[in-house]
Each structure stands twice: as structure tokens, then as C-alpha cells.
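Just so you know, ligand 1 is whichever comes first in the structure, and atom 1 is the first atom listed for that ligand. It should be emphasised that the depicted structure is a prediction, and the values quoted were computed from it without experimental measurement.
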Amino acid sequence: MHASVALDRAAVIAPVNRRLFGSFVEHLGRCVYDGIYEPSHPTADEDGFRRDVVELVRELGSSSIRYPGGNFVSGYKWEDGIGPRANRPVRRDLAWHALESNQVGIDEFARWCKLTGSELMMAVNLGTRGIAEALDLLEYTNHPSGTALSDLRIANGAPEPYDIRMWCLGNEMDGPWQLGHMSAEDYGKLASRTAAAMKMVDETLELVVCGSSGSGMPTFGEWERVVLEHSYEHVDFVSCHAYYQERNGDLGSYLASSLDMQYFIETVVATADHVKHKLRSKKTINLSFDEWNIWYLDEHRNSDEVNDEWRFAPRQLEDVYSVADAVVLGNLLITLLKNSDRVTSASLAQLVNVIAPIMTEPGGEAWRQTTFFPFSVTSRLAQGAVVRPVITCGNYETKVHGTADLIDSVATFDEESGRSAVFPRESQPVRSVHRDGGCARLRSGPADGSCVAARRRRLRQEHAAASGPGGVEAHRVRHPRGGHPHGDTAARLVDGARAQRAKLT
Ligand code: AHR
């Protein structure tokens, strides 16, 4: 079958926005502890940060980094993570049922961001806390000097303010698993008041209000409408979160996951613009896709990775990725770029060890997953302006997303250097169509899908063997028994009274 991708340099979507190559570090599993921070590691610096990981983060080309959560932030007291390390309290993290040593806090993380050359994007706790604590954190991080909290920062070794520009107003407040989960009405009011107060301090801050945790949420769309009607004039972005995985051996649907992301973006843009016109506002709200990735949630469900023990930095959500996963991740990145006129910030969730492109072993190596490569290559080569190509190709039917194109692509053109780059996604089914002259093979997804499943099993086995003692079995039980709503039906959302762990049971 003939397929072509034609480029017209004038078909500009938007200038390449570096913030689309953001990432995410949450105090979850081994992302921070034994991930970016391991004081006893041979490459550790004076702060305890692994230099080998810093190098990989730089190579990945991650621009901004969202911190410190995620679900974690909804129970977090930022004050626990400042001052002499010996005095910092150990706390329970209810989101992931783990112990938090607070050995890494805002001051260390700001230094780490400098090392990696990335912008710090901060989330405030609107789950168990509110306006006062958000203002305190803002004073601590951004005020130059001469106030109680800015002087405390200086005393803690940071004479210069961090000048954090982007702030998330809580995390996934639409999710019943979220500590302090609220209705859209309640959250919209709280977010609006918090944003208004933060802008009284600095009206140039860029504030992100929580949108939906997935397009499968029962409140999807309506949540954004209500929240934005309350907060529109005080905020700058609405967030989107989406995770994808191959299910039931259906590779064809999996490879078309970006269609869900496209639907997600279009729905949120339409809703935000509806509110804009309803309120007769002059301003336009953009999207911060601040959690997106591949996450094998279904595989986590039957493990005891999240259990009743209170442990420091347990192995949680350590997915090992295949080539198919890398293809899908690349396609999601293409989709973000194609929508970069409205999606002006994005964060791959997450960065190290937890559903991550970079993995580490304590005292050992740091290594790149398959998903590292589409991200790093795109981040490096996307320069200048994003250009929409004209694609001519066949399509195929998917069980989950309807009709999907066999090819997807986006391009960039850099006027200054005269260089262009084309980012294509050609999926396995494209080749099948070429060879077999039809998409019948695709519809018989299980055959292809079971190959992918087998590859994933083998990858995991190899990884477990390479990880040393404990082998496959030790690795397998490290997957959590997590259920999560992303891209899924409402039925999976709430599982009884243990609200925070509804996600995991
Ligand atoms: O990235 C893992 C988790 O996914 C985050 O903590 C949460 O915000 C989302 O549900």
C-alpha cells in the first residue's frame, strides 16, 4: 500500500516549546531514594545525588521536572524536608503506603534540577492543606530575603530564590483515591482562592489547575467545566493525565493509543474554550499534560508490591518496557507536538525507576529503557517550529479506538539552521499490511499481541536475572496490585472506603 508524508514549511502549528519535554519526579517507590539520590553510590556527589543518573537525565533532554507528586503531594508537609537532615522527621506516605525519610526536600531538589539543567515545576498540597501552606512554600522558594521563610531558606544554604514559575494546584483531585478528594465544586473554589492568593504575591506565576485523571473518569469534561468556571481568571493551565498499556493481547488498539490522547486534548480544549466564551474572558487557558506514559497497571494488580508493611522506598511500579512500548510512547509525543498550539507543557511520568525511561540498581548501574530513545531523540532534534505534515496512508480498525491511521507523523523546521526533522510512527501493522495486502492480520490482534506479551515477559526475566539475587520471582512480586482509572471505565475507580488505596486494590 502506498503511503506518503508531505511537508509544507508554512503549515506551522506553534514554535517548539521546550516545556513539552518535561518529566516528573515523585516521592514514590525508588524514584527519589535509590533513584536520583543514593549517598553511598560510587558516583554520588556531596548532596548524595547519583552523577550517572544526572548524566542520563541530561541525555534524555528533559526540560522541566514536576515535583514532589503525584498522589504523594496530597499528604506532604514541605517543611519536613528542610533544615539539617538529622532533624527531619520520618512520616507515613498514605498514598503509596510507604515511609518517607525526608532526606530529600525542596532545597536538595532545586539543586538537583540545576545539575540536570531543568526547570522546577512545583505542586502544592491541596489535599490535606490549603492556601496558607501554599503561600508559605511560595515565600520560602521565591521571595528574595527579609521575611521569615525567605531568611530560613537562606539559613538553609540557598541565598538566591528559586524563582519557580509553574505551580500545580494539587494533584488529581477528581480521583477518589486522592487524599482529600473533592467534588469539582469544592475543588474549583479552593483552587480559585489559592490561585488568587498566589497571584497576589506574583501575578506572573503560571498556575495549573487539576483537570481529569484520565479520559475514562466518570466526571471527565464536566469536571473541567465546573473547575474552570470557578477558577478561570486566576489560572493559566488545566492539567491532563493519561497512561496507556497493551491489554488482552490487543496490539492493534494499543498502537493506536494516541487516538485517546487526541480525544482527551480536543475535549479539554473545547471545554476550556466553552468556559472562556461563557465568562466572556479574553484569556485562553492552555493544557499542561503533566502526566503521560505507558503504565502496565493491570499487571500490578495481583502482586503484593503495595502491601501492609511500612517500608522505605519499596520497589513500586517498576515497569520494564518493550519496543512496542517505545513505539507507543513516541506516538504520544508526536501527538503532544501536533497539539502544541494548546498543549504548552507536558511531563513524562515518571523519570527514574517508577514507570521510567531511566532505571537504577543500588550500588550498581543506571540504564536506559526502550522508551528513553524516542523521547531523547525527539527532544534533541525538535527545533524551530512544529509543522503539520500531510499524511496519505491506509487505516485499520481497532477494537478500542475505532479506525486508526497506519502512519502518524509530525515535523519540525528550524529557520535559523535550515534543518528539518520528521518524526514518523510506523507501526508493526503497517508492515503487515504491506506484506499481506490487508488489515485482516491486525484484527486478529491476539496473535501479534501475544508476541508482545512474550517479549515483555522475556525482557522482565532478563532484567530480573541481571538485577542479581532474587531473580525473576523477586522482580515479579515487585509489581503492585494497582488498579487505576486511566483510560479505563468508572467501574474500576472506587473500591470501598480505603480511598487512597482504592487505586491499588
Ligand atoms: O505517576 C504515578 C501516579 O499516577 C501519580 O502519583 C498520580 O498523580 C497518578 O495517578
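- Tyr76 and Phe72 have tilted rings, their planes meeting at an angle from 30° to 60° on a 0 to 90° scale.
- Note: His97 and Trp310 have parallel aromatic rings, judged against thresholds of 30 and 60 degrees for the angle between ring planes.
- Using the six-membered ring where Trp is involved, Phe49 and Trp112 have ring planes that are tilted, between 30° and 60° apart.
- Every ring pair (Phe, Tyr, Trp, His ring centres under 6.0 Å) that Tyr187 has, sequence neighbours left out, goes to Trp223.
- Among Glu291, Gln316, His27, the residue whose heavy atom lies nearest to atom 4 (O) of ligand 1 is Glu291.
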Give the intermediate values and the outcome of side chain to side chain contact (heavy atoms under 4.5 Å, CB included) for residues Val235 and Glu206.
CA-CA 7 Å; Val235 302; Glu206 296 170 73; over 6 Å; no
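- Ligand 1 has an N or O atom lying under 3.5 Å from an N or O atom of Glu26, backbone or side chain.
- Close N/O approach between Asn71 and ligand 1 is found [any backbone or side-chain N/O within under 3.5 Å].
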Subject >> Chi angles and distances behind the salt bridge (charged side-chain N to carboxylate O under 4.0 Å, His left out) call for Arg153, Asp107 >> reply: CA-CA 8 Å; Arg153 183 199 67 241; Asp107 293 317; over 6 Å; no
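- Residues passing the ring pair (Phe, Tyr, Trp, His ring centres under 6.0 Å) test with Phe237: none are found, sequence neighbours excluded.
- Taking any N or O of His241, backbone or side chain, none lies under 3.5 Å from an N or O belonging to ligand 1.
- Proximity of Val354 to ligand 1, defined as any heavy-atom pair under 4.0 Å, is not found for any part of the residue.
- Contact atoms of ligand 1 toward Glu172: 7 (C), 8 (O), 9 (C), 10 (O) (distance under 4.0 Å to a heavy atom of the residue).
- The atoms of ligand 1 that sit less than 4.0 Å from any heavy atom of Trp96 are 3 (C), 6 (O).
- Residue-ligand proximity, Tyr243 to ligand 1, at heavy-atom distances under 4.0 Å covers atoms 1 (O), 2 (C), 4 (O).
- At least one heavy atom of Trp295 sits under 4.0 Å from some atom of ligand 1.
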